[in-house]
Amino acid sequence: MTWNSSFDVVVVGSGGAALAGALAAVARGLTVCVVEKTDRFGGTSAYSGGSVWLPGNHVLERDGVDDSVEAGLTYFRETVGDRTDPTVQRAFLETGPVVAEFLENEVGIPLEHRPFPDYFAAPGRKDHGRSIFAKPITAGEVGPRIDDIRPMVPADQFGIEMDRRVLDGGQAWIARMLLSLDASGRAELHLESAAESLVSDGSGRVTGVVVRTAEGERRLHARGGVLLAAGGFERNTGLRQDLQQMPSADWTSSHPSTGSGDAIAMLRDVGAKLDLLDQAWWCPATLFPNGHAVFTLGLRAGIVVDETGSRFANELLPYDQMGRALRERMRAGKGDGFWYIFDDRFGDDLPAICAPLPDRDAMTEAGLWHSASSIGDLAAAIGVDAETLVETVDRFNRFAANGIDDDFRRGEDPYGRFFLGAQTAAQCLVALDGSRFHAVRMVLGDLGTKGGAVITGDGAVLRSDGNGVVAGLYAAGNSTASISGEVYPGPGTPLGSGMVMAYRAVADMAS
Ligand code: FAD
(Lines give C-alpha, C1' and ligand atoms only; values in the text may rest on other atoms or scores of the structure.)
Protein backbone atom coordinates (compact mmCIF):
# COMPACT_ATOMS: atom_id res chain seq x y z
CA MET A 1 0.00 0.00 0.00
CA THR A 2 1.29 3.45 -0.89
CA TRP A 3 0.42 5.98 1.78
CA ASN A 4 -0.11 9.71 1.29
CA SER A 5 0.76 10.48 4.90
CA SER A 6 1.73 8.62 8.02
CA PHE A 7 0.71 9.30 11.64
CA ASP A 8 0.91 7.48 14.94
CA VAL A 9 -2.87 7.70 15.32
CA VAL A 10 -5.67 8.37 12.85
CA VAL A 11 -8.98 9.43 14.38
CA VAL A 12 -12.18 9.15 12.35
CA GLY A 13 -14.78 11.72 13.46
CA SER A 14 -14.50 14.91 15.50
CA GLY A 15 -17.06 14.66 18.33
CA GLY A 16 -16.26 14.45 22.02
CA ALA A 17 -14.86 10.94 21.87
CA ALA A 18 -12.68 11.63 18.82
CA LEU A 19 -11.16 14.84 20.14
CA ALA A 20 -10.51 13.39 23.60
CA GLY A 21 -8.67 10.52 21.90
CA ALA A 22 -6.69 12.96 19.77
CA LEU A 23 -5.72 14.94 22.87
CA ALA A 24 -4.59 11.77 24.61
CA ALA A 25 -2.39 11.06 21.60
CA VAL A 26 -0.67 14.43 21.42
CA ALA A 27 -0.14 14.44 25.19
CA ARG A 28 1.88 11.25 24.73
CA GLY A 29 4.00 12.88 22.08
CA LEU A 30 2.23 11.04 19.25
CA THR A 31 1.24 12.55 15.94
CA VAL A 32 -2.45 12.43 15.13
CA CYS A 33 -4.68 13.09 12.15
CA VAL A 34 -8.38 13.81 12.75
CA VAL A 35 -10.65 13.39 9.73
CA GLU A 36 -14.17 14.81 9.77
CA LYS A 37 -16.61 14.02 6.99
CA THR A 38 -18.69 17.20 7.15
CA ASP A 39 -17.79 20.88 6.86
CA ARG A 40 -17.80 21.39 10.65
CA PHE A 41 -16.10 19.75 13.62
CA GLY A 42 -18.03 18.54 16.62
CA GLY A 43 -20.81 16.24 15.43
CA THR A 44 -23.73 15.78 17.80
CA SER A 45 -21.31 16.49 20.66
CA ALA A 46 -21.35 20.15 19.60
CA TYR A 47 -25.15 20.17 19.99
CA SER A 48 -25.00 18.66 23.44
CA GLY A 49 -25.47 20.21 26.84
CA GLY A 50 -21.86 19.22 27.47
CA SER A 51 -22.57 17.22 30.60
CA VAL A 52 -19.87 14.58 31.11
CA TRP A 53 -20.68 11.81 33.62
CA LEU A 54 -17.53 10.77 35.48
CA PRO A 55 -18.20 9.60 39.06
CA GLY A 56 -15.62 10.30 41.74
CA ASN A 57 -13.62 12.93 39.84
CA HIS A 58 -11.60 15.78 41.37
CA VAL A 59 -13.95 18.51 40.09
CA LEU A 60 -16.83 17.02 42.08
CA GLU A 61 -14.62 16.80 45.13
CA ARG A 62 -13.56 20.44 44.70
CA ASP A 63 -17.24 21.41 44.63
CA GLY A 64 -18.01 19.44 47.76
CA VAL A 65 -19.93 16.59 46.09
CA ASP A 66 -19.56 13.46 48.17
CA ASP A 67 -18.83 10.83 45.53
CA SER A 68 -16.40 8.03 44.72
CA VAL A 69 -15.58 5.64 41.91
CA GLU A 70 -16.98 2.79 44.01
CA ALA A 71 -20.30 4.63 44.52
CA GLY A 72 -20.45 5.28 40.79
CA LEU A 73 -19.66 1.68 40.04
CA THR A 74 -22.36 0.46 42.43
CA TYR A 75 -24.88 2.69 40.70
CA PHE A 76 -23.71 1.68 37.23
CA ARG A 77 -23.88 -2.03 38.09
CA GLU A 78 -27.34 -1.59 39.61
CA THR A 79 -28.67 0.10 36.50
CA VAL A 80 -26.78 -1.63 33.70
CA GLY A 81 -26.26 -5.06 35.25
CA ASP A 82 -24.46 -7.67 33.17
CA ARG A 83 -25.77 -6.47 29.83
CA THR A 84 -22.21 -5.30 29.10
CA ASP A 85 -18.86 -6.68 30.19
CA PRO A 86 -18.27 -5.81 33.88
CA THR A 87 -14.52 -5.49 33.29
CA VAL A 88 -15.20 -2.83 30.64
CA GLN A 89 -17.62 -1.09 33.00
CA ARG A 90 -14.93 -1.03 35.68
CA ALA A 91 -12.32 0.24 33.22
CA PHE A 92 -14.63 3.12 32.29
CA LEU A 93 -15.52 4.05 35.87
CA GLU A 94 -11.97 3.79 37.19
CA THR A 95 -10.51 5.86 34.35
CA GLY A 96 -13.14 8.61 34.56
CA PRO A 97 -11.32 10.58 37.28
CA VAL A 98 -8.01 10.07 35.44
CA VAL A 99 -9.50 11.64 32.31
CA ALA A 100 -10.96 14.56 34.28
CA GLU A 101 -7.50 15.21 35.80
CA PHE A 102 -5.90 14.85 32.39
CA LEU A 103 -8.27 17.30 30.72
CA GLU A 104 -8.02 19.97 33.38
CA ASN A 105 -4.48 19.64 34.64
CA GLU A 106 -2.55 18.44 31.58
CA VAL A 107 -4.57 19.79 28.68
CA GLY A 108 -5.63 22.92 30.55
CA ILE A 109 -9.40 22.81 30.01
CA PRO A 110 -11.06 24.48 33.03
CA LEU A 111 -13.86 22.31 34.38
CA GLU A 112 -16.83 22.81 36.66
CA HIS A 113 -19.59 20.75 38.22
CA ARG A 114 -23.22 21.61 37.62
CA PRO A 115 -26.13 19.83 39.35
CA PHE A 116 -28.05 17.36 37.18
CA PRO A 117 -29.60 14.32 38.92
CA ASP A 118 -28.77 10.75 38.01
CA TYR A 119 -31.61 9.06 36.16
CA PHE A 120 -32.50 6.03 38.30
CA ALA A 121 -33.55 5.53 41.90
CA ALA A 122 -30.82 2.96 42.59
CA PRO A 123 -28.09 2.51 45.20
CA GLY A 124 -25.19 4.89 44.57
CA ARG A 125 -27.41 7.50 42.91
CA LYS A 126 -26.51 11.18 43.29
CA ASP A 127 -29.47 13.55 43.30
CA HIS A 128 -27.14 16.37 42.28
CA GLY A 129 -25.48 14.11 39.73
CA ARG A 130 -21.80 13.75 38.95
CA SER A 131 -21.59 15.78 35.77
CA ILE A 132 -18.73 18.03 34.82
CA PHE A 133 -18.65 20.67 32.10
CA ALA A 134 -15.96 22.58 30.28
CA LYS A 135 -16.21 26.18 31.42
CA PRO A 136 -17.73 28.56 28.86
CA ILE A 137 -15.32 30.22 26.45
CA THR A 138 -15.67 33.53 24.62
CA ALA A 139 -15.69 33.87 20.86
CA GLY A 140 -12.64 36.10 21.24
CA GLU A 141 -10.70 33.29 22.90
CA VAL A 142 -11.81 30.81 20.26
CA GLY A 143 -10.82 33.05 17.36
CA PRO A 144 -11.34 31.98 13.74
CA ARG A 145 -11.83 28.33 14.75
CA ILE A 146 -15.38 29.26 15.77
CA ASP A 147 -16.48 29.03 12.15
CA ASP A 148 -15.27 25.42 12.02
CA ILE A 149 -17.45 24.33 14.95
CA ARG A 150 -20.89 22.92 14.23
CA PRO A 151 -23.35 25.40 15.76
CA MET A 152 -26.28 24.44 17.97
CA VAL A 153 -29.47 22.85 16.60
CA PRO A 154 -31.52 26.08 16.12
CA ALA A 155 -28.80 27.56 13.92
CA ASP A 156 -27.64 24.35 12.28
CA GLN A 157 -30.98 22.79 11.42
CA PHE A 158 -33.36 25.76 11.37
CA GLY A 159 -31.15 28.64 10.18
CA ILE A 160 -31.98 30.71 13.28
CA GLU A 161 -29.30 33.27 14.08
CA MET A 162 -27.80 32.60 17.50
CA ASP A 163 -25.61 34.60 19.80
CA ARG A 164 -22.20 32.91 19.76
CA ARG A 165 -20.30 35.46 21.84
CA VAL A 166 -19.90 32.87 24.58
CA LEU A 167 -19.79 29.16 23.84
CA ASP A 168 -21.12 26.82 26.52
CA GLY A 169 -21.96 23.14 26.88
CA GLY A 170 -20.87 20.94 23.99
CA GLN A 171 -19.75 24.02 22.05
CA ALA A 172 -17.27 24.89 24.82
CA TRP A 173 -15.92 21.33 24.91
CA ILE A 174 -15.36 21.18 21.17
CA ALA A 175 -13.84 24.67 21.05
CA ARG A 176 -11.48 24.03 23.91
CA MET A 177 -10.40 20.64 22.62
CA LEU A 178 -9.80 21.98 19.10
CA LEU A 179 -7.72 24.87 20.43
CA SER A 180 -5.60 22.49 22.52
CA LEU A 181 -5.02 20.24 19.52
CA ASP A 182 -4.04 23.24 17.38
CA ALA A 183 -1.62 24.40 20.06
CA SER A 184 0.00 20.98 20.34
CA GLY A 185 1.70 21.20 16.96
CA ARG A 186 1.26 17.44 16.58
CA ALA A 187 -2.29 17.29 15.25
CA GLU A 188 -3.64 17.65 11.73
CA LEU A 189 -7.37 18.25 11.55
CA HIS A 190 -9.22 17.96 8.26
CA LEU A 191 -12.80 18.88 7.42
CA GLU A 192 -14.69 17.41 4.46
CA SER A 193 -12.59 14.28 4.68
CA ALA A 194 -14.73 11.17 4.85
CA ALA A 195 -13.18 7.89 5.90
CA GLU A 196 -14.43 5.38 3.34
CA SER A 197 -12.68 2.18 4.30
CA LEU A 198 -10.13 0.70 6.64
CA VAL A 199 -6.90 -0.73 5.25
CA SER A 200 -5.65 -4.03 6.63
CA ASP A 201 -2.35 -5.82 6.08
CA GLY A 202 -1.99 -9.50 5.24
CA SER A 203 -2.40 -10.50 8.89
CA GLY A 204 -5.71 -8.65 9.22
CA ARG A 205 -4.20 -5.79 11.22
CA VAL A 206 -5.76 -2.41 10.47
CA THR A 207 -2.94 -0.16 9.31
CA GLY A 208 -4.72 2.89 7.97
CA VAL A 209 -7.74 4.57 6.45
CA VAL A 210 -8.80 5.55 2.96
CA VAL A 211 -10.28 9.04 3.05
CA ARG A 212 -12.33 10.83 0.38
CA THR A 213 -11.60 14.56 0.04
CA ALA A 214 -12.45 17.21 -2.55
CA GLU A 215 -8.96 16.65 -3.99
CA GLY A 216 -9.56 12.93 -4.30
CA GLU A 217 -8.62 9.86 -2.32
CA ARG A 218 -5.99 10.03 0.47
CA ARG A 219 -4.53 7.00 2.18
CA LEU A 220 -3.56 7.69 5.77
CA HIS A 221 -1.16 5.33 7.50
CA ALA A 222 -1.84 4.78 11.22
CA ARG A 223 1.30 3.31 12.77
CA GLY A 224 -0.20 2.88 16.24
CA GLY A 225 -3.86 2.42 15.43
CA VAL A 226 -7.10 3.82 14.06
CA LEU A 227 -9.69 5.23 16.44
CA LEU A 228 -13.16 5.00 14.94
CA ALA A 229 -15.26 7.67 16.66
CA ALA A 230 -17.58 8.49 13.78
CA GLY A 231 -20.83 8.57 15.77
CA GLY A 232 -23.89 6.45 15.15
CA PHE A 233 -26.27 5.57 12.30
CA GLU A 234 -29.32 7.57 13.38
CA ARG A 235 -29.61 9.31 10.00
CA ASN A 236 -29.28 6.12 7.96
CA THR A 237 -32.83 5.33 6.81
CA GLY A 238 -32.09 1.73 5.83
CA LEU A 239 -30.34 0.83 9.07
CA ARG A 240 -32.95 2.61 11.18
CA GLN A 241 -35.72 0.65 9.48
CA ASP A 242 -33.97 -2.73 9.43
CA LEU A 243 -32.40 -2.68 12.87
CA GLN A 244 -34.79 -0.49 14.83
CA GLN A 245 -38.09 -0.46 12.93
CA MET A 246 -38.06 3.33 13.14
CA PRO A 247 -40.64 4.97 10.84
CA SER A 248 -38.27 7.86 10.10
CA ALA A 249 -34.55 8.61 10.27
CA ASP A 250 -35.43 12.32 10.48
CA TRP A 251 -36.68 12.15 14.04
CA THR A 252 -33.18 12.08 15.46
CA SER A 253 -31.44 15.16 16.89
CA SER A 254 -28.28 14.80 14.83
CA HIS A 255 -27.52 16.79 11.69
CA PRO A 256 -28.65 15.17 8.41
CA SER A 257 -25.04 14.89 7.23
CA THR A 258 -23.74 13.19 10.39
CA GLY A 259 -24.94 9.92 11.89
CA SER A 260 -24.67 8.20 8.52
CA GLY A 261 -23.55 4.86 9.90
CA ASP A 262 -20.26 4.79 7.99
CA ALA A 263 -18.61 3.27 11.05
CA ILE A 264 -21.00 0.30 10.98
CA ALA A 265 -20.11 -0.43 7.35
CA MET A 266 -16.37 -0.21 8.05
CA LEU A 267 -16.70 -2.38 11.15
CA ARG A 268 -18.66 -5.02 9.25
CA ASP A 269 -16.00 -5.06 6.51
CA VAL A 270 -13.27 -6.03 8.98
CA GLY A 271 -15.33 -8.66 10.80
CA ALA A 272 -15.96 -6.70 13.99
CA LYS A 273 -18.39 -7.91 16.62
CA LEU A 274 -21.45 -5.62 16.81
CA ASP A 275 -24.11 -5.29 19.47
CA LEU A 276 -27.00 -3.10 20.68
CA LEU A 277 -27.92 -2.19 17.13
CA ASP A 278 -31.57 -1.86 18.14
CA GLN A 279 -30.70 0.82 20.69
CA ALA A 280 -30.45 4.60 20.85
CA TRP A 281 -30.23 7.33 23.46
CA TRP A 282 -34.00 7.77 23.17
CA CYS A 283 -35.99 10.89 23.96
CA PRO A 284 -39.39 12.46 23.30
CA ALA A 285 -39.20 15.00 20.49
CA THR A 286 -41.44 17.70 19.05
CA LEU A 287 -42.09 17.25 15.35
CA PHE A 288 -41.47 20.42 13.32
CA PRO A 289 -42.95 21.40 9.94
CA ASN A 290 -39.56 20.87 8.24
CA GLY A 291 -39.60 17.23 9.31
CA HIS A 292 -36.96 17.59 12.04
CA ALA A 293 -37.82 16.40 15.52
CA VAL A 294 -36.39 18.32 18.45
CA PHE A 295 -35.43 16.86 21.84
CA THR A 296 -38.10 17.98 24.33
CA LEU A 297 -37.90 17.70 28.11
CA GLY A 298 -38.86 19.50 31.30
CA LEU A 299 -42.63 19.57 30.60
CA ARG A 300 -43.95 22.29 32.88
CA ALA A 301 -47.59 21.20 32.72
CA GLY A 302 -50.01 19.09 30.72
CA ILE A 303 -49.92 15.41 29.84
CA VAL A 304 -48.72 13.21 27.00
CA VAL A 305 -51.19 10.79 25.41
CA ASP A 306 -50.93 8.19 22.70
CA GLU A 307 -53.24 7.78 19.72
CA THR A 308 -55.87 6.19 21.94
CA GLY A 309 -56.02 9.34 24.09
CA SER A 310 -54.50 7.60 27.12
CA ARG A 311 -51.62 8.56 29.35
CA PHE A 312 -49.03 5.80 29.48
CA ALA A 313 -46.10 7.14 31.54
CA ASN A 314 -44.88 9.73 33.99
CA GLU A 315 -44.22 12.65 31.64
CA LEU A 316 -41.31 13.79 33.83
CA LEU A 317 -39.38 10.56 33.47
CA PRO A 318 -35.75 11.04 32.44
CA TYR A 319 -35.92 11.51 28.68
CA ASP A 320 -34.41 8.16 27.72
CA GLN A 321 -36.97 6.35 29.89
CA MET A 322 -39.80 8.46 28.48
CA GLY A 323 -38.48 7.66 25.00
CA ARG A 324 -38.54 3.97 25.86
CA ALA A 325 -42.13 4.33 27.03
CA LEU A 326 -42.98 5.84 23.63
CA ARG A 327 -41.16 2.98 21.93
CA GLU A 328 -43.08 0.39 23.93
CA ARG A 329 -46.35 2.03 22.91
CA MET A 330 -45.29 1.88 19.26
CA ARG A 331 -44.34 -1.77 19.63
CA ALA A 332 -47.68 -2.47 21.28
CA GLY A 333 -49.40 -1.18 18.15
CA LYS A 334 -50.64 2.08 19.68
CA GLY A 335 -49.26 4.14 16.79
CA ASP A 336 -46.25 6.41 16.44
CA GLY A 337 -48.00 9.72 16.99
CA PHE A 338 -48.10 11.18 20.49
CA TRP A 339 -49.74 14.39 21.65
CA TYR A 340 -48.57 16.79 24.30
CA ILE A 341 -51.81 18.26 25.71
CA PHE A 342 -51.73 21.45 27.79
CA ASP A 343 -53.83 24.50 28.48
CA ASP A 344 -53.23 28.18 27.89
CA ARG A 345 -51.79 29.12 31.28
CA PHE A 346 -48.33 29.59 29.73
CA GLY A 347 -49.42 31.69 26.79
CA ASP A 348 -48.57 30.71 23.25
CA ASP A 349 -45.29 28.91 23.85
CA LEU A 350 -44.72 25.21 24.30
CA PRO A 351 -44.42 24.75 28.09
CA ALA A 352 -41.26 22.66 27.87
CA ILE A 353 -37.55 22.86 27.12
CA CYS A 354 -37.15 22.60 23.37
CA ALA A 355 -34.57 24.46 21.29
CA PRO A 356 -35.80 26.03 19.13
CA LEU A 357 -39.29 26.50 20.52
CA PRO A 358 -41.85 25.72 17.82
CA ASP A 359 -43.68 28.58 16.16
CA ARG A 360 -47.36 28.08 16.89
CA ASP A 361 -48.68 29.47 13.60
CA ALA A 362 -46.33 27.42 11.43
CA MET A 363 -47.05 24.32 13.49
CA THR A 364 -50.80 24.89 13.25
CA GLU A 365 -50.58 25.28 9.50
CA ALA A 366 -48.66 22.01 9.29
CA GLY A 367 -51.25 20.16 11.40
CA LEU A 368 -48.76 19.63 14.22
CA TRP A 369 -50.42 21.99 16.70
CA HIS A 370 -54.17 22.06 17.36
CA SER A 371 -56.12 24.32 19.70
CA ALA A 372 -59.72 24.11 20.94
CA SER A 373 -61.90 25.49 23.69
CA SER A 374 -62.78 22.05 25.07
CA ILE A 375 -60.97 18.76 25.47
CA GLY A 376 -63.70 17.07 23.43
CA ASP A 377 -63.12 19.42 20.50
CA LEU A 378 -59.38 18.99 20.82
CA ALA A 379 -59.83 15.20 20.66
CA ALA A 380 -61.81 15.57 17.47
CA ALA A 381 -59.10 17.80 15.98
CA ILE A 382 -56.30 15.30 16.64
CA GLY A 383 -58.36 12.24 15.81
CA VAL A 384 -58.44 10.49 19.18
CA ASP A 385 -61.48 9.13 20.96
CA ALA A 386 -63.11 12.10 22.74
CA GLU A 387 -64.58 10.10 25.59
CA THR A 388 -61.19 8.55 26.39
CA LEU A 389 -59.35 11.86 26.26
CA VAL A 390 -61.94 13.61 28.45
CA GLU A 391 -61.69 10.79 30.99
CA THR A 392 -57.86 10.90 30.84
CA VAL A 393 -57.85 14.65 31.54
CA ASP A 394 -60.48 14.40 34.29
CA ARG A 395 -58.50 11.66 36.00
CA PHE A 396 -55.29 13.69 35.77
CA ASN A 397 -57.08 16.75 37.15
CA ARG A 398 -58.19 14.68 40.15
CA PHE A 399 -54.56 13.70 40.71
CA ALA A 400 -53.58 17.36 40.48
CA ALA A 401 -56.23 18.29 43.04
CA ASN A 402 -54.91 15.60 45.41
CA GLY A 403 -51.24 16.29 44.67
CA ILE A 404 -50.58 12.62 43.90
CA ASP A 405 -50.34 10.89 40.53
CA ASP A 406 -51.80 7.49 41.41
CA ASP A 407 -51.02 6.11 37.96
CA PHE A 408 -47.41 7.11 37.30
CA ARG A 409 -46.10 8.86 40.44
CA ARG A 410 -45.19 12.03 38.55
CA GLY A 411 -43.05 14.46 40.52
CA GLU A 412 -42.03 11.96 43.17
CA ASP A 413 -38.53 11.47 41.78
CA PRO A 414 -35.87 14.22 42.16
CA TYR A 415 -35.16 14.12 38.41
CA GLY A 416 -38.80 14.95 37.62
CA ARG A 417 -38.73 17.99 39.91
CA PHE A 418 -35.32 19.19 38.77
CA PHE A 419 -36.19 21.06 35.57
CA LEU A 420 -39.32 22.56 37.13
CA GLY A 421 -37.47 23.79 40.20
CA ALA A 422 -40.24 22.06 42.17
CA GLN A 423 -39.90 20.96 45.78
CA THR A 424 -42.92 18.66 45.88
CA ALA A 425 -44.75 16.22 43.62
CA ALA A 426 -47.88 18.36 43.89
CA GLN A 427 -46.07 21.25 42.18
CA CYS A 428 -45.50 18.96 39.18
CA LEU A 429 -49.20 18.20 38.82
CA VAL A 430 -50.89 21.21 37.22
CA ALA A 431 -54.57 20.72 36.35
CA LEU A 432 -55.69 21.18 32.74
CA ASP A 433 -58.46 23.66 33.43
CA GLY A 434 -57.71 26.73 31.33
CA SER A 435 -60.05 28.25 28.79
CA ARG A 436 -58.18 26.89 25.74
CA PHE A 437 -56.44 23.62 25.18
CA HIS A 438 -53.57 22.70 22.91
CA ALA A 439 -52.19 19.51 21.43
CA VAL A 440 -48.69 19.38 19.94
CA ARG A 441 -47.42 16.38 18.01
CA MET A 442 -44.58 14.44 19.55
CA VAL A 443 -42.57 11.51 18.25
CA LEU A 444 -39.90 9.13 19.46
CA GLY A 445 -36.60 10.96 18.98
CA ASP A 446 -33.06 10.21 19.98
CA LEU A 447 -29.70 11.80 20.75
CA GLY A 448 -27.92 9.27 18.57
CA THR A 449 -27.87 5.52 18.20
CA LYS A 450 -25.78 3.52 20.66
CA GLY A 451 -25.09 0.24 18.86
CA GLY A 452 -21.83 -0.65 17.20
CA ALA A 453 -18.48 -2.26 17.89
CA VAL A 454 -18.12 -4.32 21.03
CA ILE A 455 -14.93 -3.04 22.64
CA THR A 456 -12.57 -4.25 25.32
CA GLY A 457 -11.64 -2.24 28.39
CA ASP A 458 -8.87 -0.76 26.25
CA GLY A 459 -11.23 0.36 23.52
CA ALA A 460 -10.03 -2.34 21.12
CA VAL A 461 -12.61 -3.73 18.70
CA LEU A 462 -13.51 -7.39 19.23
CA ARG A 463 -13.77 -9.76 16.28
CA SER A 464 -17.11 -11.40 15.54
CA ASP A 465 -15.49 -14.85 15.18
CA GLY A 466 -14.39 -14.83 18.81
CA ASN A 467 -10.68 -14.74 17.97
CA GLY A 468 -9.66 -11.73 20.02
CA VAL A 469 -9.51 -8.21 18.67
CA VAL A 470 -9.16 -6.63 15.24
CA ALA A 471 -5.52 -5.60 15.69
CA GLY A 472 -4.91 -1.90 15.16
CA LEU A 473 -8.59 -0.94 15.41
CA TYR A 474 -10.19 0.91 18.31
CA ALA A 475 -13.60 2.54 18.69
CA ALA A 476 -15.34 4.97 21.05
CA GLY A 477 -18.59 6.89 21.44
CA ASN A 478 -21.68 6.09 19.40
CA SER A 479 -19.69 3.95 16.96
CA THR A 480 -19.58 1.37 19.76
CA ALA A 481 -22.11 -0.77 21.57
CA SER A 482 -22.58 1.46 24.59
CA ILE A 483 -20.97 0.35 27.84
CA SER A 484 -24.26 1.28 29.51
CA GLY A 485 -26.14 -1.28 27.43
CA GLU A 486 -29.81 -0.50 27.04
CA VAL A 487 -29.97 2.13 29.76
CA TYR A 488 -28.93 5.76 30.21
CA PRO A 489 -27.69 5.91 33.81
CA GLY A 490 -27.00 9.59 34.17
CA PRO A 491 -26.53 12.93 32.39
CA GLY A 492 -23.35 12.79 30.36
CA THR A 493 -23.06 9.03 29.96
CA PRO A 494 -22.69 9.24 26.14
CA LEU A 495 -19.92 11.85 26.24
CA GLY A 496 -18.31 10.54 29.43
CA SER A 497 -18.03 6.94 28.27
CA GLY A 498 -16.93 8.00 24.78
CA MET A 499 -14.20 10.32 26.00
CA VAL A 500 -12.87 7.86 28.56
CA MET A 501 -12.76 4.90 26.20
CA ALA A 502 -11.06 7.01 23.53
CA TYR A 503 -8.44 7.98 26.11
CA ARG A 504 -7.92 4.33 27.06
CA ALA A 505 -7.72 3.31 23.40
CA VAL A 506 -4.87 5.72 22.73
CA ALA A 507 -3.10 4.63 25.90
CA ASP A 508 -3.26 1.07 24.59
CA MET A 509 -1.98 2.08 21.16
CA ALA A 510 0.98 3.76 22.83
CA SER A 511 1.80 0.87 25.14
P1 FAD B 1 -20.53 12.71 17.28
O2 FAD B 1 -20.37 13.82 18.25
O3 FAD B 1 -21.79 12.68 16.51
O4 FAD B 1 -19.32 12.84 16.27
C5 FAD B 1 -19.18 11.94 15.19
C6 FAD B 1 -18.56 12.69 14.04
O7 FAD B 1 -18.08 11.73 13.09
C8 FAD B 1 -19.54 13.58 13.29
O9 FAD B 1 -19.02 14.89 13.19
C10 FAD B 1 -19.64 12.93 11.91
O11 FAD B 1 -19.83 13.84 10.85
C12 FAD B 1 -18.29 12.25 11.81
N13 FAD B 1 -18.26 11.17 10.82
C14 FAD B 1 -19.23 10.27 10.53
N15 FAD B 1 -18.81 9.43 9.55
C16 FAD B 1 -17.56 9.82 9.22
C17 FAD B 1 -16.62 9.37 8.26
N18 FAD B 1 -16.89 8.35 7.44
N19 FAD B 1 -15.42 10.00 8.17
C20 FAD B 1 -15.14 11.07 8.98
N21 FAD B 1 -16.00 11.55 9.90
C22 FAD B 1 -17.20 10.92 10.02
N23 FAD B 1 -24.63 13.58 25.74
C24 FAD B 1 -23.96 13.77 26.89
O25 FAD B 1 -23.16 12.92 27.28
N26 FAD B 1 -24.17 14.89 27.64
C27 FAD B 1 -25.04 15.86 27.28
O28 FAD B 1 -25.16 16.89 27.96
C29 FAD B 1 -25.78 15.66 26.10
N30 FAD B 1 -26.67 16.58 25.69
C31 FAD B 1 -27.26 16.45 24.46
C32 FAD B 1 -28.10 17.47 24.02
C33 FAD B 1 -28.62 17.40 22.74
C34 FAD B 1 -29.53 18.51 22.26
C35 FAD B 1 -28.29 16.31 21.89
C36 FAD B 1 -28.80 16.25 20.50
C37 FAD B 1 -27.47 15.29 22.34
C38 FAD B 1 -26.96 15.33 23.64
N39 FAD B 1 -26.13 14.33 24.12
C40 FAD B 1 -25.50 14.50 25.31
C41 FAD B 1 -25.83 13.12 23.32
C42 FAD B 1 -24.44 13.26 22.73
O43 FAD B 1 -24.27 14.55 22.20
C44 FAD B 1 -24.12 12.24 21.62
O45 FAD B 1 -24.63 10.98 21.91
C46 FAD B 1 -22.60 12.19 21.52
O47 FAD B 1 -22.16 13.51 21.24
C48 FAD B 1 -22.05 11.31 20.45
O49 FAD B 1 -20.67 11.55 20.41
P50 FAD B 1 -19.73 10.83 19.34
O51 FAD B 1 -18.36 11.38 19.58
O52 FAD B 1 -19.90 9.37 19.39
O53 FAD B 1 -20.30 11.29 17.93
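One-based numbering, in listed order, for ligands and for the atoms of each.
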Is a donor on one side and an acceptor on the other found under 3.5 Å between the side chain of Arg40 and the backbone of Asp148? no
For atom 52 (O) of ligand 1, what's the nearest protein heavy atom and its distance? Asn478 N, 2.8 Å
If we ignore angles and hydrogens, is there a donor and acceptor under 3.5 Å between the side chains of Arg205 and Ser200? no
Looking only at protein heavy atoms, which one is nearest to atom 11 (O) of ligand 1, and what is the separation? Glu36 OE2, 2.7 Å
Can you tell whether the side chains of Glu486 and Arg83 come within less than 4.0 Å, N to carboxylate O? yes
What protein heavy atom sits nearest atom 30 (N) of ligand 1, and how far off is it? Gly49 N, 3.0 Å
Between Tyr75 and Asp118, does any side-chain donor sit less than 3.5 Å from a side-chain acceptor? no
Could you check atom 14 (C) of ligand 1 against the protein and tell me its nearest heavy-atom contact, residue, atom and distance included? Ala230 O, 3.2 Å
Protein residue, atom and distance nearest to atom 2 (O) of ligand 1, heavy-atom basis: Ser45 OG, 2.6 Å
Who's the nearest protein heavy-atom neighbour of atom 44 (C) of ligand 1, and how far? Leu447 O, 3.6 Å
Is there a side-chain contact between Gln157 and Ser253 in this structure, where contact means two heavy atoms from C-beta onward sitting under 4.5 Å apart? no
Salt bridge Arg223-Asp8, side-chain N to carboxylate O under 4.0 Å: yes
Within reach of ligand 1, part of Ala195 (heavy-atom separation under 4.0 Å): both
Distance-only side-chain donor-acceptor flag, Tyr119 / Asp320, under 3.5 Å: no
Distance to 0.1 Å, residue and atom name: give those for the protein heavy atom nearest to atom 21 (N) of ligand 1. Lys37 N, 3.0 Å
Tell me whether ligand 1 is touched by Ser193 - counting only heavy atoms on the residue side and a distance under 4.0 Å. yes
Ala194 near ligand 1, heavy-atom distance under 4.0 Å? yes
If you measure from the Lys or Arg side-chain nitrogens to the Asp or Glu carboxylate oxygens, is any gap between Arg90 and Asp85 under 4.0 Å? no
Starting from atom 29 (C) of ligand 1, find the nearest protein heavy-atom neighbour and note its residue, name and distance. Ser48 CB, 3.4 Å
Taking heavy atoms and a distance under 4.0 Å, where does Pro491 meet ligand 1: side chain, backbone, both or neither? neither
What are the atoms of ligand 1, with element, lying closer than 4.0 Å to any heavy atom of Leu495? 23 (N), 24 (C), 25 (O), 26 (N), 47 (O)
